[in-house]
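Given the structure is predicted, the values throughout are model-derived calculations rather than measurements. We count residues from 1, following the sequence as given. Basis for what follows: all heavy atoms, side chains included, without hydrogens, waters or symmetry-related copies.
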Amino acid sequence: MSSSFKGKDLFGSGPHRFATEPIGSQLLPTIRLGAGPIPGTTWIGPLEEAVVVRGRLVAPTDAALQELIAAIAEELADPSSTGSLADHAGHEWKNMSFVLFTPADRTDRARLVSLAYTARFLKFLLPPPGGS
């Protein structure tokens with residue numbers, strides 16, 4: 001079973017792993033202007049569900065690597081559309097938006113060309129402006 005986002009195998013060219021970010025509540029220290037801080041915490045709301053994919057894109061040539069990156073860039077549309085994100089173990093996160101792709105600072109070249117990356121997906125609590 002391969003991983004996918006909206007049915008597309010964006011990360012399957014090389015090794016990759018999925019991790020969920022913390023779940024819970026957004027909190028801020030309680031503050032008061034003028035009279036100094038008040039001890040305590042203010043509850044803001046629930047955290048958005050987030051999944052991070054870390055891995056390596058692998059291709060036979062620099063041009064082929066750029067094609068993999070271009071396919072990923074196509075999914076980073078503004079506004080972000082939602083879809084299902086699935087890992088290679090069969091776990092599925094529905095209504096996720098692909099919000100960030102961070103390539104490593106270098107491309108590795110040997111028999112194959114590869115690039116490490118981090119990709120971030122969010123399930124927005126409220127739809128983004130103009131998004132679905």
Worksheet item: Distance from Glu67 atom CD to Leu65 atom CG, nearest 0.5 Å?
Response: 9.5 Å

Worksheet item: Atom CG of Leu85 and atom NZ of Lys94: how far apart are they, to the nearest 0.5 Å?
Response: 11.5 Å

Discussion item. Suppose we screen for side chain to side chain contact (heavy atoms under 4.5 Å, CB included). Which residues come up paired with Ala86, at least two apart in sequence or across chains?
Written reply: Ser4

Worksheet entry | Lys123 and Thr82 side chains, donor-acceptor separation under 3.5 Å | no

Discussion item. Under the criterion ring-ring contact (aromatic ring centres under 6.0 Å, His included), I'd like the reasoning laid out for Tyr117 against Phe11: C-alpha separation, chi angles, the key distance, then a yes or no.
Written reply: CA-CA 10 Å; Tyr117 65 86; Phe11 308 114; 5.2 Å; yes

Worksheet item: Should Asp108 and Val113 be marked as a side chain to side chain contact (heavy atoms under 4.5 Å, CB included) after you check the CA-CA gap, both sets of side-chain angles, and the distance that decides it?
Response: CA-CA 6 Å; Asp108 296 314; Val113 181; over 6 Å; no

Worksheet item: When hydrophobic residues are tied together by side-chain contacts of less than 4.5 Å, even through go-betweens, does Phe18 share a cluster with Leu57?
Response: yes

Item to complete: Please tell me if the side chains of Ile44 and Leu27 come closer than 4.5 Å, counting only heavy atoms from C-beta onward.
Response: no

Worksheet item: Can you name the closest pair of heavy atoms from Phe5 and Ser81 and give their distance?
Response: CZ-O, 4.3 Å

Worksheet item: CG of Leu122 to CD of Glu48: how many Å apart, nearest 0.5 Å?
Response: 5.5 Å

Discussion item. Contact between Pro29 and Thr42 at the side-chain level, heavy atoms closer than 4.5 Å - yes or no?
Written reply: no

Discussion item. Restricting to non-hydrogen atoms, name the atom on Leu125 and the atom on Pro46 that form the minimum distance, rounded to 0.1 Å.
Written reply: CD1-O, 3.2 Å

Practice prompt. Sort out for me which residue in Ile69, Ile72, Leu68 forms a side chain to side chain contact (heavy atoms under 4.5 Å, CB included) with Leu10.
Written response: Ile72

Discussion item. Which heavy atom of Leu112 sits nearest to which heavy atom of Pro60, and what is that distance?
Written reply: CD2-CA, 3.8 Å

Worksheet item: Are Glu21 and Val51 close enough, and set up right, to give a side chain to side chain contact (heavy atoms under 4.5 Å, CB included), and what steps lead you there?
Response: CA-CA 6 Å; Glu21 290 191 347; Val51 177; over 6 Å; no

Worksheet entry | side chain to side chain contact (heavy atoms under 4.5 Å, CB included) assessment of His88 paired with His16 | CA-CA 9 Å; His88 20 48; His16 57 286; 3.4 Å; yes

Item to complete: Test Arg56 against Ser13 for side chain to side chain contact (heavy atoms under 4.5 Å, CB included), laying out the working first.
Response: CA-CA 8 Å; Arg56 182 167 290 280; Ser13 68; over 6 Å; no

Worksheet entry | Ser114 and Arg109, any side-chain heavy atoms less than 4.5 Å apart | no

Worksheet item: Would you say the side chain of Leu28 lies within less than 4.5 Å of the side chain of Gln26, judging by non-hydrogen atoms?
Response: no

Discussion item. I need the Met96 CE to Phe124 CZ distance, nearest 0.5 Å.
Written reply: 9.5 Å

Worksheet entry | Non-hydrogen side-chain atoms of Phe121 and Val53 separated by less than 4.5 Å | yes

Discussion item. For a quick test of reading the model, state the closest non-hydrogen atom pair linking Pro15 to Val58 and the distance between them.
Written reply: CD-CG2, 4.4 Å

Worksheet item: Is the shortest side-chain N to carboxylate O distance from Asp87 to Arg17 below 4.0 Å?
Response: no

